[in-house]
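Quick note on labels: first sequence line is chain A, next is B, and so on, each numbered from 1. Since this is a predicted model, take the numbers as computed values, not measurements.
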Amino acid sequence: MFDGRLIMEQKDRVLASMHKRNFKDIHLIEAAAELIERRKRIITESETARAQQNKRSKDMPQVMKSGTPEEKKAIQEDLKALAEQVKAFQPRVKAVEEELDAVLLAIPNLLADDAPEGGEENAVEVSVWGEKPQFDFTPKEHDDLAKGLFDPERGAKLAGARFSVLWGKLATLERVLIQFMLDIQTRERGYTEVLTPLLVNRATMTATGQLPKFEEDLFKTNDDLFLIPTAEVPVTNLHRDEILREEDLPRSYCAYTPCFRREAGSYGKDTKGYIRQHQFNKVELVKFTRPEDSDAELMKLLRDAEEILRRLGLHYRVVRLAAQDQGFSSSKTFDIEVWLPGQGRYREISSCSSFTDYQARRGNIRFKRAGAKATELCHTLNGSGLAIGRTLIAIVENYQRADGTIVVPEALRPYMGCEVITPA
RNA sequence: GGAGAGAUGUCCGAGUGGUCGAAGGAGCUUGACUCGAAAUCAAGUGUGCUCCGCGAGGGGUACCUAGGGUUCGAAUCCCUAUCUCUCCGCCA
């Protein structure tokens, strides 16, 4: 949720950020400012009325016990009138607060000051690791190459378009990648593994920003539960409405979950292959930090995600997303793009973001500094570490040989129990 | 799914219509004692909104799971939801 105070105190800065983001509903900023003022006025009036009522109420017990009949009658009438006044304010207060909430929920996070200008094409390359592998034959795309083990037709039969079935060693590879990634993050990089529900309620979806604005992207059940589109949702919500201790920060969690996305609005995009599925597996990294640590922790998190690709020997680059390409709740985002030789292009395999206090404000995730009285909002961060399906694609395309077999990367051989995958 | 019990502050726990932001205890902070620690003693210790003040701070208001209701007045009475526990049923 956007910080109303920031709108009141630094409106120009907020407006500049929204323009940079190309936020269409920019009028919401003015609307919020107006609602905040109106809310203050109503609250002041309402509380003044309340104070009068409370004050007069204090006399009630004694008057009723030892007052004259006239005094009793007077106080009863007074209080009745005051009560009516107070009650008249209630719907007004509620209405303005609901209206303000709705507006603040519809405003995206403030961009980091150094966010690059522009849209998707303006992403800035930050670093590159490894080199494009050379082939003495024309490399194939993963779906072509893994034919026989990769089975979108049966996925469609079972569930519909954008669902797939994996067979044999390819299924094993997917499973093994999950374990491989979790092992590195938990054993070497200090993350605590969590296993969470895959269905969550409305409050949980709202805190991380999927609701109320993006309901059409989610799969929903009849019980008003939603299938998670990423583990970010349940994991970030672990500490919703909690006050953490400063010495416990940063907290670093990793979680494997399947992710479910309706991909509304992406019809016709990546319809072929295993790139864009309604259901896919992902290992997610999530951190809770002090505000002053979030930038440094984001860089560490990014490096933790990169480490997986390095171990797998997969060439990749890191890009900083430009303002208009960033997610609604994100302040700063880096994407990791892996090289896919079959497709001859880089594809996003991880997205690492700082949400500053935006999700924390929605979810009321706070911490208390040692010795301090007041609580402060945490910063939340997350990133894929990594998307499993796309990692599988990258391995298939990068480790293919002329005869159509796929070499298993060195680091995965102990897990796989074989050195080569031979599609049937 | 059926029957019953419950949800109070960081934690435990008292409180059945006004004087309750809420007894008591634990924890934590500060001070005293101590070479130091423990023990002991003393004081302090929730959150949000809002107003006043340069500030230290002060005033008001709300919050006893959540949302409604009764009442001049609700932690306390009523309704609904959620969650927890016990018994029965079902079940991987």
Practice problem: Measure up the A:His278 and A:Phe163 rings against each other and bin them: parallel (under 30°), tilted (30 to 60°), perpendicular (over 60°). | Solution: tilted
Exercise. To the nearest Å, give me how far apart CD (A:Glu246) and C1' (B:U29) are.
Key: 15 Å
Quiz prompt | Pairing nucleotide - B:G31, Watson-Crick or G-U, each distance under 3.5 Å | solution = B:C41
Quiz item: Looking for any heavy atom pair under 4.0 Å, which part of the strands does A:Arg39 touch: base, sugar-phosphate only, or nothing?
Solution: sugar-phosphate
Quiz item: Under a 4.5 Å cut-off applied to non-hydrogen side-chain atoms, are A:Met181 and A:Leu386 in contact?
Solution: yes
Self-check item: Neighbour count >12 (heavy atoms, 6.0 Å) for atom CD, A:Glu120
Solution: no
Quiz item: Can you name the one residue among A:Asp113, A:Leu111, A:Asp114, A:Thr356 that meets side-chain contact (heavy atoms from CB on, under 4.5 Å) with A:Lys332?
Solution: A:Asp114
Practice problem: Round to the nearest Å and state the distance from A:Leu100 atom CG to B:G48 atom P. | Solution: 17 Å
Quiz item: Is it true that the side chains of A:Tyr316 and A:Arg310 contain a donor and an acceptor less than 3.5 Å apart?
Solution: yes
Quiz item: Do A:Ile421 and A:Ile395 have side chains that get closer than 4.5 Å, going by heavy atoms?
Solution: no
Self-check item: Nearest-angstrom distance, P atom, B:U45 to B:G53
Solution: 26 Å
Self-check item: Rounded distance (Å) that lies between atom P of B:G48 and atom CG of A:Asp241
Solution: 13 Å
Polar atom pairs (N or O), protein with nucleotides 17-22 of chain B, under 3.5 Å:
none

Self-check item: Any A:Asp143 side-chain heavy atom under 4.5 Å of A:Tyr274 side chain
Solution: no
Quiz item: What interatomic distance, in whole Å, is found between C1' of B:U84 and the corresponding atom of B:U65?
Solution: 11 Å
Quiz item: What integer number of Å spans the C1' atoms of B:G1 and B:A74?
Solution: 35 Å
Quiz item: With ring centroids as reference points, do A:Phe288 and A:His239 lie under 6.0 angstrom apart?
Solution: yes
Quiz item: Over how many whole Å does the gap from A:Ile43 atom CD1 to B:U50 atom P extend?
Solution: 7 Å
Quiz item: Expressed in whole Å, how much space separates the P atoms belonging to B:A56 and B:C52?
Solution: 16 Å
Practice problem: Using the C1' atom on both, measure B:C33 against B:A39 and round to a whole Å. | Solution: 11 Å
Practice problem: Taking all heavy atoms of A:Ser350 and all of A:Ala305, pick out the closest pair and write down the distance. | Solution: OG-CB, 4.1 Å
Practice problem: May I have the distance from A:Glu45 (atom CD) to B:G60 (atom C1'), rounded to whole angstrom? | Solution: 15 Å
Quiz item: If the C1' atom of B:G15 is compared with that of B:U76, how far apart are they to the nearest Å?
Solution: 8 Å
Quiz item: What is the pairing partner of B:U47, taking Watson-Crick or G-U wobble pairs with both distances under 3.5 Å in any strand?
Solution: B:A62
Exercise. Could you say whether A:Gln90 or A:Arg366 is positioned toward the 5' end of RNA chain B, judged by the nucleotide with the nearest heavy atom to each?
Key: A:Arg366
Quiz item: Rounded to whole angstrom units, what separation is found between the CD1 atom of A:Ile36 and the C1' atom of B:U50?
Solution: 14 Å
Below 3.5 Å between N/O atoms, which protein atoms pair up with nucleotides 61-65 of chain B? Just atom names and distances, please.
| residue | atom | partner | partner atom | Å |
| --- | --- | --- | --- | --- |
| B:U61 | OP1 | A:Asn54 | ND2 | 3.2 |
| B:U61 | O2' | A:Glu47 | OE2 | 3.2 |
| B:A62 | OP1 | A:Arg50 | NE | 3.2 |

Quiz item: Do any pairs count as a side-chain hydrogen bond (donor to acceptor under 3.5 Å, both in side chains) and have a residue in residues 17-32 of chain A, sequence neighbours left out, and if so which ones?
Solution: A:Lys11-A:Glu30
Quiz item: Paired with B:U76: which nucleotide, if any, by Watson-Crick or G-U wobble criteria at under 3.5 Å for both distances?
Solution: none
Quiz item: With both distances under 3.5 Å as the test, what is the Watson-Crick or G-U wobble partner of B:G89?
Solution: none
Practice problem: Identify whether any heavy atom of A:Gln53 sits under 4.0 Å from a base atom; if not, whether one sits that close to sugar-phosphate; answer base, sugar-phosphate or nothing. | Solution: sugar-phosphate
Quiz item: Does B:A23 have a Watson-Crick or wobble partner in any strand here, with both distances under 3.5 angstrom, and which is it?
Solution: none
Exercise. Report the base-pairing partner of B:C83 (Watson-Crick or G-U wobble, both distances below 3.5 angstrom), or none.
Key: B:G6
Quiz item: Rounding to the closest angstrom, what is the interatomic distance between B:U30 and B:A66 at atom P?
Solution: 33 Å
Quiz item: Distance between the P atoms of B:U29 and B:G21, in whole angstroms?
Solution: 29 Å
Quiz item: Please walk me through it: do A:Glu232 and A:Phe355 pass side chain to side chain contact (heavy atoms under 4.5 Å, CB included)?
Solution: CA-CA 11 Å; A:Glu232 162 195 346; A:Phe355 301 90; 4.0 Å; yes
Quiz item: Nearest-Å distance, CE (A:Met8) to P (B:C49)?
Solution: 14 Å
Quiz item: Is there a side-chain polar atom (N or O) of A:Arg5 under 4.0 Å from OP1 or OP2 of B:C49?
Solution: yes
Quiz item: Hey, does the side chain of A:Arg41 come within less than 4.0 Å of B:U50's phosphate (OP1/OP2), counting only N and O?
Solution: no
Quiz item: Roughly, in whole Å, what's the span from CZ in A:Phe89 to P in B:U50?
Solution: 17 Å
